[in-house]
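Note sheet for the following structure.
Nothing here was measured: the structure is a model prediction, and the numbers come from that model. Whatever order the structure lists ligands and atoms in, that order sets their numbers, starting from 1.
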Amino acid sequence: MTRALALFSGGLDSILAARVIAAQGIEVLAVKFVTPFFGYEILVDIDGYTREIREKYAIEVVVEDISDGYLELLRDPRHGFGRHFNPCVDCKIFMLKRAREMMEELGASFLITGEVLGQRPMSQRLDTLHVISRDSGSRSLLLRPLSARLLPETAPELQGLVDRTRLLDFSGRGRSRQIALAGEFGIHDFPSPAGGCILADPILSRRIKRLYADEFVLSSKDITVTDIRLLLVGRQFILPGGGWLILGRIEGENDRLLELAGEDDAVLQMEERPGPAALLRRAARCYAEAETRAADLDLAAALVARYSRKLNGLPQTGEVVVALSGRRWTIAAEPLADELFAGWML
Ligand code: SF4
């Protein structure tokens, strides 16, 4: 049986593209790529995710973590960024290249995506679709079932593996034809088109952009998955000495910080009353001067005091425990006045 490998974002278009091809009796295997910017939570329960997609949409999906190469891609995407920090064209090229590599091992004859001509201003124009096919090396192996009849014939059509007359001619931003087609497949529960890609989120993408602009203690060459995951937690500060401080806002965020803390990170907590956990990233090695690190740790402790539980409506002085490089000590911290740190927040 002919097998196709589908790029699967989880959005309606990718669901429909897979189902349109499956309706021709072709076996479709979908691949869901994840990075800390999209889909990373799936890694916690991959089996649960694949089961959900099978039950809801009758699609078999495999999950692939492409974080490492993706972090590098963000340093200098050849085709630039969209409105925020979203390198959509390079993102698709990157995923298709990876899918192209997977084709042989999975026994797939061609690739499909849910791209719709003219749906997005940057990444789905006719010329851009062509660039994506060309630069990913997939060329005529890439079939876009939802717009195929508006595009040149692809290899699987020319070889008779796919019946072009049963492909579609969707274009533009409207969703009504997709929703009608979903109804024909009996699909009524699908995600909204808003996405879920943090790189296209106006607020969170700004943080990531600053990280990549070397505004943090680490060079963009050294960014890790953990850095990105930390960047999406809690309150974020760049301290006067250059330190990157993260404060949990709720218990779940405190737990997340403690779980993500690495050997080089300083962890600060007030044990005498409830309050935030704080993490000073790479505190053990990012400071050239011990005095600068000590000053940033004092400020971090003062911020922990500021955000710890208030008494009579006011933040209180308290003992903040610092753990760094196997050592523990306490700092008697005065809560920092809001006007002093407003400019340090990300
Ligand atoms: S929105 Fe995010 S996941 Fe989608 S193509 Fe753009 S960068 Fe990639």
Given salt bridge (Lys or Arg N to Asp or Glu O under 4.0 Å), test Asp222 with Arg282 step by step and report yes or no. CA-CA 11 Å; Asp222 299 327; Arg282 292 181 170 79; over 6 Å; no

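Counting only residues at least two apart or on different chains, the side-chain hydrogen bond (donor to acceptor under 3.5 Å, both in side chains) pairs with a member in residues 104-118 are Thr113-Glu115, Glu115-Arg144.
Not counting sequence neighbours, the partners of Arg328 by the salt bridge (Lys or Arg N to Asp or Glu O under 4.0 Å) test are Glu271. Considering only residues two or more places apart in sequence or on other chains, Asp68 meets the side chain to side chain donor-acceptor pair (under 3.5 Å) condition with none of them.
Under the 30°/60° scheme for interplanar angles, the aromatic rings of Phe37 and Tyr70 are found to be tilted.
Around atom 2 (Fe) of ligand 1, the protein atoms of type N, O or S found under 2.8 Å away are Cys197 SG, listed by chain and number.
In this structure, Arg206 is not positioned above the aromatic face of Phe85 in the sense of NZ or CZ being under 6.0 Å from the six-membered ring centre and within 45° of the axis.
Inside a 4.0 Å radius of atom 4 (Fe) of ligand 1 there is not any protein heavy atom.
Contact annotation: the side chain of Leu168 never approaches that of Val116 to less than 4.5 Å [non-hydrogen atoms, C-beta and beyond].
Note on ligand 1: Tyr70 sits in its first shell, one or more heavy atoms being nearer than 4.0 Å.
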